[in-house]
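Beneath this line is the structure, given in structure tokens, with notes to follow.
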Amino acid sequence: EWTMHKGDTIPGVITMLFGLLFVAATAANPKLTAVSQTSDGVPGAGFFPYLLGFGVMILGALLVIRGLRQKGQVQYINLEEETKQNLKILALSVLGIVVFLAFWKLTGRFIIGMLVLSLYLNWLFQRTWRFNIIYSAVFTAFIYFTFFVGFSIQFVA
């Protein structure tokens, strides 16, 4: 019955499918194995994506169970003005991430793209310009020094 699919059931199923998508994409890439490929026994490049994918699937399953226990008492979507505004912000956030990924793929300039994405998201969430500039600079510097300098990871598109 439809009332059983209100509340957290449908978001839980969507969350499970999202986690499954990550697990499938990781499994489809032969370079992303969870098994160590080095002599020091460090987990392979696929370990973290598998871990996150399965974690998201488990959290989705918990949402489904919670939704079924609610027995349709919680309304799935209530389109009030605040909800419409939140959906708009969500769509613009996803658009910003897609543009960032396209920029990174086309130019290979990860750090510049990360800085612009951070500035955009802080603007979207209506942070003050002072906060936006300071946060974006500190966040981008953290990413640069942690991954590029500290771990010698190169984000090549």
Side-chain angles (χ1 to χ4, degrees), residues 7-68 76-77 82-157:
D8 293 326
T9 308
I10 293 173
V13 169
I14 292 170
T15 302
M16 288 174 57
L17 291 173
F18 184 72
L20 182 62
L21 176 71
F22 271 86
V23 170
T26 304
N29 188 335
K31 293 182 181 180
L32 296 179
T33 63
V35 180
S36 176
Q37 301 292 329
T38 60
S39 61
D40 59 2
V42 174
F47 178 76
F48 195 62
Y50 276 122
L51 184 68
L52 283 179
F54 284 119
V56 168
M57 288 171 53
I58 290 168
L59 292 174
L62 292 173
L63 271 178
V64 169
I65 292 168
R66 179 178 166 182
L68 292 173
Y76 175 57
I77 293 180
E82 181 180 5
T83 306
K84 290 178 185 176
Q85 182 65 24
N86 288 341
L87 289 173
K88 178 182 173 185
I89 290 171
L90 174 64
L92 290 172
S93 297
V94 170
L95 178 65
I97 292 169
V98 168
V99 169
F100 159 72
L101 292 173
F103 173 80
W104 177 27
K105 181 74 174 169
L106 293 172
T107 67
R109 305 285 185 179
F110 179 83
I111 290 297
I112 293 171
M114 182 60 58
L115 176 63
V116 172
L117 177 64
S118 183
L119 288 166
Y120 169 74
L121 290 175
N122 279 303
W123 169 80
L124 184 63
F125 288 105
Q126 300 176 347
R127 307 286 190 237
T128 65
W129 276 107
R130 184 179 191 182
F131 175 89
N132 189 345
I133 292 168
I134 293 170
Y135 177 87
S136 296
V138 169
F139 178 75
T140 305
F142 172 78
I143 295 295
Y144 176 77
F145 286 111
T146 300
F147 292 101
F148 283 78
V149 176
F151 294 125
S152 298
I153 296 173
Q154 301 302 312
F155 291 99
V156 180

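Everything numeric here is computed off the predicted structure, so don't read it as measured data.
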Which atom of Asn132 lies closest to which atom of Leu119, heavy atoms considered: ND2-O, 3.0 Å
Of Tyr50, Phe54, Phe48, the one forming a side chain to side chain contact (heavy atoms under 4.5 Å, CB included) with Leu52 is Phe48
Hey, could you give me the CH2/CD1 distance between Trp123 and Ile133, rounded to the nearest 0.5 Å? 14.5 Å
How long is the gap from CG on Leu59 to CE on Met16, to the nearest 0.5 Å? 11.0 Å
In Å, rounded to the nearest 0.5 Å, how long is the span from CG of Leu117 to CZ of Phe139? 8.0 Å
Gap between atom CG of Leu90 and atom CD of Gln85 - 0.5 Å precision: 12.0 Å
Contact check, side chains of Tyr144 and Met114, non-hydrogen atoms, under 4.5 Å: no
Closest non-hydrogen contact found for Thr26 with Pro49 is OG1-CB, 3.3 Å
Does CZ belonging to Phe103 count more than 12 external heavy atoms closer than 6.0 Å? yes
Steps toward side-chain contact (heavy atoms from CB on, under 4.5 Å) verdict (Ile143, Phe110): CA-CA 10 Å; Ile143 295 295; Phe110 179 83; 3.8 Å; yes
Determine the interplanar angle of the Phe131 and Tyr135 rings, folded into 0 to 90°, and report it as parallel if under 30°, tilted if 30 to 60°, perpendicular if over 60°. parallel
Using side chain to side chain contact (heavy atoms under 4.5 Å, CB included) as the criterion, point out the one residue from Asn122, Val116, Leu121 that pairs with Ser118. Asn122
Roughly how far apart are Trp104 CH2 and Ile111 CD1, rounded to 0.5 Å? 10.0 Å
Heavy-atom neighbours of Phe22 CZ exceed 12 at 6.0 Å: no
